[in-house]
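The figures here come from the full heavy-atom set of this structure, side chains too, leaving out hydrogens, waters and symmetry mates. This chain uses plain numbering: 1 for the first residue, then up along the sequence.
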Amino acid sequence: MNQPVSRRYFVRRASAYSLGFAGLNTCLASRTIAQALTTEGSSSFGPLIQDPEGILDLPQHFSYKIISRHDDKMSDGLTTPGLPDGM
């Protein structure tokens, strides 16, 4: 006996399949990134050059800039928080 498919059933199934494929895509993308790295910790950009300040090792010709540090004074007189993600 075939029962008609309700919209609610269809949306639930479609959502479940969409989440599954999104997870699969994430898994495959992370595998590709992991394969790009070699066992020595270098990437297709070349080996990492040790940072003399010990903050962030990067491949040759790459650079970084520190825009704020924990407890630096900001323009409003307050200090930067300890976990500044999302500022």
Would you compute the distance between atom OG1 of Thr80 and atom NE2 of His70 and round it to the nearest 0.5 angstrom?
7.0 Å

Using distance only, find each side-chain donor-acceptor pair of residues 14-24 under 3.5 Å and give its atom names and separation, not counting sequence neighbours.
residue, atom, partner, partner atom, Å
Ser15, OG, Val11, O, 2.8
Ser18, OG, Ala14, O, 2.8

Roughly how far, to the nearest 0.5 Å, is the CZ atom of Arg12 from the OG atom of Ser6?
8.0 Å

Could you pull out every donor-acceptor pair under 3.5 Å between side chains of residues 55-67 and any protein atom, sequence neighbours left out?
residue, atom, partner, partner atom, Å
Asp57, OD1, Asp51, N, 2.8
Tyr64, OH, Asp51, OD2, 2.5

side-chain contact (heavy atoms from CB on, under 4.5 Å) with Asp76: which residues, sequence neighbours excluded?
Met74, Leu78

